[in-house]
Structures are given as C-alpha cells and as structure tokens.
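Data block below; observations after.
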Number of protein chains: 2
Amino acid sequence: MNSSRPTIVDVAARAGVSKSLVSLALRGDGGVSAATRERIVRAAAEIGYRSNALARALRQHRTMLLGVVVASLDNPYHTEVVESVERAAEPHGLSVLLAHGARKAGRMAERIDALGDLNVDGLIVVSSWAAPELLQAAARRAPVVMVGRSLEPVAGIDSVNNDDEHGAALAVDHLVAAGHERIAHLTSSTRPAGLARRAGYEAAMARHGLADRARVIERGRDEPAGPGLDAALEAGCSAIFARNDVEADDVLNHAWDRGIAVPEGLAVVGYDDSALALRARPRLTSVHQPRAEMGELAVDLLHERWAGRTTDRHEVLEPTLVIRAST
Amino acid sequence: MNSSRPTIVDVAARAGVSKSLVSLALRGDGGVSAATRERIVRAAAEIGYRSNALARALRQHRTMLLGVVVASLDNPYHTEVVESVERAAEPHGLSVLLAHGARKAGRMAERIDALGDLNVDGLIVVSSWAAPELLQAAARRAPVVMVGRSLEPVAGIDSVNNDDEHGAALAVDHLVAAGHERIAHLTSSTRPAGLARRAGYEAAMARHGLADRARVIERGRDEPAGPGLDAALEAGCSAIFARNDVEADDVLNHAWDRGIAVPEGLAVVGYDDSALALRARPRLTSVHQPRAEMGELAVDLLHERWAGRTTDRHEVLEPTLVIRAST
DNA sequence: CTGTTAGCGCTTTCAA
DNA sequence: TTGAAAGCGCTAACAG
C-alpha cells in the first residue's frame with residue numbers, strides 16, 4: 001500500500017494522459033475533449049485524488065484564503081461579525097480561516113503572523129484594538145481590513161466601524177426622553193471604541209444640560225462591576241448606559257443580586273445588540289451595530305484592494321437603537 | 001520597487017552565500033560557521049525576509065498546522081474546548097486553524113475538506129455529531145480526533161468525551177436528594193450526546209423508582225421551550241434537568257417570564273458548566289465537563305498517532321456536579 | 001486538443 | 001563548512 005496521497009501524476013498515469021491535461025480537466029479550464037475529461041475525472045475519483053492546495057497556491061501566488069483574527073470568542077458580538085464575514089466570503093470561493101487572540105496583544109500578533117505565513121490573500125481583524133505597526137507589517141503581505149475602531153486611521157489599512165459617538169447619543173437621548181437625569185456610564189474599556197462611546201455619552205449628557213449629573217463607572221477588565229454600581233446607585237443614579245451588552249448584562253445581574261427591579265428601579269441600555277441582549281432578562285435595550293453590512297463591507301474592501309485600489313477607505317456605519325424591556 | 005516578497009534567494013545574494021546555507025542557518029540546523037550564520041541572519045532581517053510556510057510544507061510534507069472544526073460558536077462550551085486545545089497545542093509549535101460549521105452538516109463537511117486541502121497535520125472535531133464517512137475520509141489524510149460523542153465508535157477515529165450517562169445521573173441524584181420527584185428533562189437534541197444524557201436521566205429516574213414520574217420535554221432546535229415547560233409545570237413538575245447550559249438558561253428565562261421563583265418554584269440543573277452557568281441568575285447548578293483535560297487529551301492522541309499508533313483510542317472522562325443557586 | 005517544459009520557494013541529499 | 005542539483009505537486013506558457 002502506498003501511504004502517500006495520490007497526485008496529479010497518478011491520475012495522469014491511470015487515465016493515460018499527461019499531467020497538464022489532468023490539471024486542465026479537473027479545473028474545467030476548457031480546451032479538453034469531453035471524452036478525455038470524462039476519463040480523467042473518473043480516474044481521479046477512482047483513486048480518490050484530491051488536489052494539493054499548498055502546491056497550487058505556491059504556483060499561483062494566491063491561496064483563496066481569507067484570514068479572520070478575532071480578539072476574543074467570548075463576546076457574542078465578535079462571533080456574529082465573523083459569521084457575517086463568512087457569509088460574504090463564501091460566494092467568492094474564499095475559505096475563511098479563523099484565529100483568535102484570547103484578548104492578549106502578544107497572541108494577536110502571533111496569530112496574525114501565522115496567517116501571513118500561510119499567505120492568506122487578505123486579512124480581516126475584528127478587534128477594538130491592534131497595534132498599528134502590526135497591522136502595517138501584515139499589510140505588506142496582503143490587504144488588511146480592520147473591523148472595529150482604532151484610535152486614529154492607520155495608514156494603509158482600511159477599516160469598517162460604526163459611529164460610536166452617535167450610538168452613545170442614541171442611548172442617552174432615549175433615557176433622557178424617558179425622564180432619567182442621573183444616567184451613569186459603565187465601562188471597563190480604555191480602547192478606542194470604548195473611549196468613543198464614553199466621549200459620546202459625555203457629549204450627549206452635556207447637550208442635555210446634564211453634564212453635572214454625568215458619572216462614569218470605570219472598572220478593570222476582570223473586576224466585578226458591583227462596587228462602582230453600588231456607589232452610583234447610592235448617589236441616586238436611575239439609569240446605566242453600559243459600554244457593551246456584556247457589561248449591560250453584568251448590570252442586570254447586579255440588580256438581580258441586589259433585588260433591584262429593572263427597569264423600575266434601574267434602567268439599562270447596552271451596546272452591540274448581540275444575542276446576549278435577547279437572552280437577558282429583562283431583554284436589553286441596546287444600540288444595534290449593523291454587523292451583516294459590516295462583514296460584507298469588509299470583504300468588499302478586500303476585493304477593491306485586489307482590484308488595485310491603493311488609497312485607504314474608512315467606512316463608518318450608523319447604529320440604531322433597539323428598545324426592549326430594560327428601559 | 002519589487003512588489004513580491006523577498007525569498008531565500010534574495011537573502012543568499014545579499015549575504016553572498018548559497019541558498020542552501022541560508023536555509024540551514026535560518027533554521028539553526030547546525031553545521032554553519034558562526035560568522036556566516038550571523039551574516040545571513042542580518043541579511044534576512046535587513047530585507048525583511050519571512051519564510052514561506054507553503055513552500056516549506058510542500059517540501060517537508062508537514063505543515064505544523066492543527067485544524068479545529070467546531071460545530072458552532074454560539075455555545076460557550078465549544079469555544080472553551082477550543083481554547084483548551086489551543087493551550088495544549090502551542091507548546092508543541094502547532095498553529096491552530098479554526099473553522100466552524102454553523103451547525104450545518106454540509107458546511108461542516110466543507111470546512112473539514114478545506115482544512116484537509118491545506119494539509120493540516122491533524123484534525124480535531126468538536127461536535128456532538130459528524131458523519132462517520134466524513135471523518136474517515138478526513139482521517140485518510142491526517143489523524144482525526146473527535147471531541148464529543150458519536151453514536152458508536154468510528155473505526156480509525158480517536159475520541160474524547162465525558163460520561164454523559166453518569167453526568168445525567170449526578171444531576172438526577174442531586175435533585176432527588178433535595179426532595180424532588182417530578183423531575184423533567186428538557187432536550188432539543190437528537191444527537192448522541194443528547195441521547196446519552198436522556199438515557200442517563202431515564203435510567204436514574206428508574207433507579208430511584210420514579211420511572212412513572214419521568215417526563216421528557218422535547219422541542220425542535222429553534223422552537224421556544226415555553227409550551228413544553230408550561231405543560232410540565234401544570235403537571236406538577238418541580239425540577240428540570242436540561243440537556244445543556246443553554247437550554248437550562250432557557251428554562252430560567254421562561255421561569256422569569258412566568259414569574260416563577262428559582263429554585264423555590266422550580267429547580268434547574270444544566271450540563272457543561274460553561275461560562276453561561278456563572279452568568280445566569282440564579283447561578284446554575286451544572287454538570288461540569290473537564291474541558292481542560294479534554295483539549296489536552298485530544299492533542300495527546302494526535303501525538304500518539306504521529307508517533308505511529310494505529311489502534312483506536314476512545315477516552316471517556318468523568319464529569320462532576322457543581323452545585324449553585326438554581327437548586 | 002494534447003504533451004513538454006519550466007518553474008513557484010523551500011529543503012535535502014550528495015559532493016566538493 | 002559550503003554549494004550544486006534535484007524535486008515536493010501543481011500551473012502555465014509554449015509547441016505540436
């Protein structure tokens with residue numbers, strides 16, 4: 001028994017033709033008589049031939065592989081973006097290779113390099129943060145699109161994100177319209193998207209003449225939200241706008257632990273409108289990010305780069321507010 | 001400007017040596033004088049050389065790539081297994097490539113093929129179901145380990161899973177000890193792991209002489225749990241053992257919607273002990289699967305195959321019960 | 001329509 | 001210690 005996989009040469013031998021013909025026939029490249037094609041296809045099937053993608057990629061200088069690096073898998077919003085990218089990529093025959101950074105900068109870098117070493121044709125980074133130099137290094141190998149916000153545009157890197165300031169304003173406006181004045185903002189993030197939402201929150205509060213009622217509850221990444229929330233509640237806060245749905249769910253949990261009714265005793269608004277918003281009780285009012293469009297757009301931007309575009313594009317989509325039972 | 005990436009030949013030219021020497025030096029393969037090695041390394045750094053993994057893999061017949069296919073990303077248990085696989089793989093210099101099946105058999109097959117085409121050195125399938133022929137086809141290219149339960153052992157495929165029957169028994173025993181008799185089982189799964197937990201539930205109920213009190217609430221995959229739960233509650237059911245944490249959380253949500261207090265009005269036990277169990281309110285009592293060991297074991301099994309093992313191994317780990325506030 | 005040839009970028013004998 | 005040459009499996013001119 002020959003343990004190694006059959007190659008194009010084995011197929012050629014079996015079909016009694018040259019290996020070039022096999023290559024042509026199997027790819028349906030035209031210019032092969034129906035009879036020989038049939039013979040070749042059958043021979044390939046008989047010996048269980050599968051083309052070696054490595055060899056093809058080496059020769060063609062393209063892999064039809066799309067690398068997707070996601071900061072973490074434990075936020076449903078991220079995985080939803082990944083799914084929208086996949087939906088957009090597949091019709092073009094692109095295979096998506098997923099890697100995840102486990103929220104560590106070093107690991108992110110390593111995964112991006114690994115995908116680059118594999119010669120992916122394009123890279124989509126789903127993260128609210130990544131080092132500019134890292135992205136630029138990757139972009140020397142293949143076009144890179146960042147889905148998520150960077151502090152400022154990175155030269156050579158396209159981006160897709162939503163208007164965080166506006167999203168935050170939607171949340172605050174809604175709470176103010178419902179009669180809230182002491183609206184606090186809960187955030188554990190010092191990354192660009194988090195900062196932008198926070199800035200949007202503060203601007204909106206000021207616009208409503210509530211600047212002196214504004215209160216930002218900061219917490220470390222793995223710290224409980226409890227202490228900060230308790231302090232805010234004692235100070236008379238009646239509503240919380242959280243930086244994302246995960247943190248909003250933390251607020252709901254804390255309210256549950258303290259026996260505070262939502263929304264009667266405390267109104268809560270999240271951000272992302274991820275699956276978590278529907279799973280939470282009460283269901284979360286949340287700022288919706290248009291994920292489906294974001295994934296599609298990211299893939300479109302790659303196509304444009306492949307077609308030759310050299311100028312950068314930074315797409316900003318508008319979020320909307322989805323009102324549910326938590327406000 | 002030369003747009004294509006520098007190759008080993010460019011490095012050789014710059015260092016004034018042959019390309020074989022570059023290959024040796026860059027891999028630290030010994031047999032290269034310190035001086036030349038130094039020169040080569042510097043030259044490589046200067047022109048920003050990165051080795052082409054495709055070419056190397058083609059030549060060496062191995063990629064150092066580990067494919068991980070996961071049925072879906074929206075169950076935290078799955079992603080936790082993936083993380084444990086990654087932790088186990090990295091010390092060996094293996095890069096993990098993740099693909100996900102979006103819960104569709106066709107897509108699973110396609111993703112497995114795609115990874116096979118890339119010549120991954122091994123494949124780990126994290127799923128409670130996959131077609132035996134599909135796995136066996138993949139196993140002709142590289143060793144395959146299934147993490148999760150198949151209906152019966154698949155010849156040629158190693159597996160790692162937990163003892164679902166025993167896990168179900170732990171849940172039932174605990175509820176019976178707490179005084180429950182009308183314990184229902186909620187399940188939306190007809191796949192092996194789900195069936196095994198169901199069988200374990202039924203066996204345990206029978207063992208406690210409660211066979212006539214047993215009640216299985218079946219629902220379609222995307223159907224709400226509500227109707228079946230309401231019927232069970234009307235029938236006097238006081239506890240639910242759910243097939244996994246996601247379904248247990250559905251029960252908690254339904255209880256919330258109906259104003260039923262947990263655990264006073266209804267006790268709930270989940271399975272997996274995923275992050276969801278801690279995020280739920282009240283926190284879920286759940287059967288813990290030893291994920292960390294499972295991921296490690298899966299990688300170990302691959303190593304054994306690479307080292308030449310040809311007999312199949314099927315590892316079954318023991319679950320434990322973690323008691324929290326929902327019971 | 002079909003076959004020959006020359007590589008893609010790398011590793012790996014085998015000589016020098 | 002170093003270099004020359006062969007070739008992994010495939011595609012892409014170029015001939016015939």
Side-chain angles (χ1 to χ4, degrees), chain A residues 2-41 43-44 47-65 93 116-121 141-142, chain B residues 2-41 43-44 47-65 93 116-121 141-142:
Chain A
N2 185 351
S3 73
S4 66
R5 288 172 47 195
T7 76
I8 203 176
V9 177
D10 301 315
V11 179
R14 179 159 193 125
V17 294
S18 77
K19 63 179 185 148
S20 344
L21 222 20
V22 174
S23 175
L24 285 181
L26 256 28
R27 255 169 320 132
D29 241 30
V32 184
S33 76
T36 22
R37 149 163 297 130
E38 151 73 10
R39 216 153 24 100
I40 291 171
V41 169
I47 64 179
Y49 168 78
R50 295 232 63 192
S51 133
N52 183 330
L54 256 38
R56 187 186 326 118
L58 184 59
R59 185 62 239 238
Q60 292 193 146
H61 296 281
R62 84 200 145 82
T63 52
M64 297 301 274
L65 252 32
D117 286 346
L118 265 177
N119 292 28
V120 294
D121 289 340
R141 308 222 221 167
Chain B
N2 186 351
S3 72
S4 66
R5 287 173 48 195
T7 77
I8 203 177
V9 178
D10 300 317
V11 179
R14 178 157 192 126
V17 296
S18 75
K19 61 178 185 150
S20 340
L21 248 276
V22 175
S23 175
L24 286 182
L26 257 27
R27 253 168 323 129
D29 242 30
V32 184
S33 76
T36 25
R37 150 163 297 130
E38 151 72 10
R39 219 153 22 102
I40 291 172
V41 169
I47 64 178
Y49 169 78
R50 295 231 65 190
S51 131
N52 183 330
L54 256 38
R56 185 183 331 115
L58 183 59
R59 187 59 239 246
Q60 293 192 147
H61 297 281
R62 85 200 143 83
T63 52
M64 296 300 274
L65 254 30
D117 286 345
L118 264 177
N119 292 32
V120 293
D121 289 339
R141 309 221 222 167

If each of A/Leu54 and B/Ser18 is mapped to the nucleotide of DNA chain D with the nearest heavy atom, which maps nearer the 5' terminus, i.e. the 5' end?
->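 By nearest-heavy-atom nucleotide position, the 5'-most residue is B/Ser18.
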Taking for each residue the nucleotide of DNA chain D bearing the nearest heavy atom, is the 5' side occupied by A/Arg27 or by B/Arg59?
->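 The answer here is B/Arg59.
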Gap between atom CG of B/Leu21 and atom CD1 of B/Ile40 - 0.5 Å precision =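 Atom-to-atom, B/Ile40:CD1 and B/Leu21:CG are 5.0 Å apart.
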Between OG of A/Ser33 and CZ of A/Arg39, what distance do you get to the nearest 0.5 Å?
->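 So the OG of A/Ser33 and the CZ of A/Arg39 are separated by 7.5 Å.
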Over all heavy atoms of both residues, which pair between B/Val32 and B/Ala25 is shortest? Give the atoms and the distance, please.
->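 Minimum heavy-atom contact is CG2-N, 4.1 Å.
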Of all heavy-atom pairs between B/Pro6 and B/Gly48, which one has the smallest distance, and what is that distance?
->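 Heavy-atom minimum between the residues: CG-O, 3.8 Å.
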On DNA chain C, reading 5' to 3', which nucleotide is the first and which the last to sit with an atom under 4.0 Å from a heavy atom of chain A, could you check?
->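 Both ends considered, the range comes out as C/dC1 to C/dG9.
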Go through the steps for A/Tyr49 and A/Leu26 under the test side chain to side chain contact (heavy atoms under 4.5 Å, CB included), then give the verdict.
-> CA-CA 10 Å; A/Tyr49 168 78; A/Leu26 256 28; 3.6 Å; yes
Is B/Ser20 touching bases, backbone alone, or none of the nucleic acid, heavy atoms closer than 4.0 Å?
->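 Base: the residue B/Ser20, judged by heavy atoms under 4.0 Å, touches a nucleobase.
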Flag the pair A/Arg14 / A/Asp10 as yes when at least one side-chain heavy-atom distance between them is below 4.5 Å, and no otherwise.
->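 A/Arg14 vs A/Asp10: side chains apart.
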Test item: A/Leu65 and A/Asn119 side chains (from C-beta on) under 4.5 Å apart, heavy atoms =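 No, every pair of side-chain atoms sits at 4.5 Å or beyond.
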Between A/Gly16 and A/Lys19, just flag the one whose closest nucleotide in DNA chain C comes earlier from the 5' side.
->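 The residue whose closest nucleotide sits nearer the 5' end is A/Gly16.
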Is A/Arg141 salt-bridged to A/Asp117, going by a charged N under 4.0 Å from an acidic O?
->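 Yes, charged N to carboxylate O under 4.0 Å.
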Carefully, step by step, assess A/Ile47 and A/Val11 under the rule side chain to side chain contact (heavy atoms under 4.5 Å, CB included).
-> CA-CA 7 Å; A/Ile47 64 179; A/Val11 179; 3.7 Å; yes
Just do the side-chain hydrogen bond (donor to acceptor under 3.5 Å, both in side chains) check on A/Asn52 and A/Arg5 with the steps written out, would you?
-> CA-CA 9 Å; A/Asn52 183 330; A/Arg5 288 172 47 195; 5.6 Å; no
How sharply is the helix from C/dC1-D/dG16 to C/dA16-D/dT1 bent, taking the axes over five pairs at either end and rounding to 10 degrees?
->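 Between the axes fitted at each end of the helix from C/dC1-D/dG16 to C/dA16-D/dT1 lies an angle of 40°.
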Anything under 4.0 Å to a heavy atom of chain A counts; send over the first and last such nucleotide of DNA chain D, read 5' to 3'.
->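 The contact span of chain A on DNA chain D goes from D/dG9 to D/dA12.
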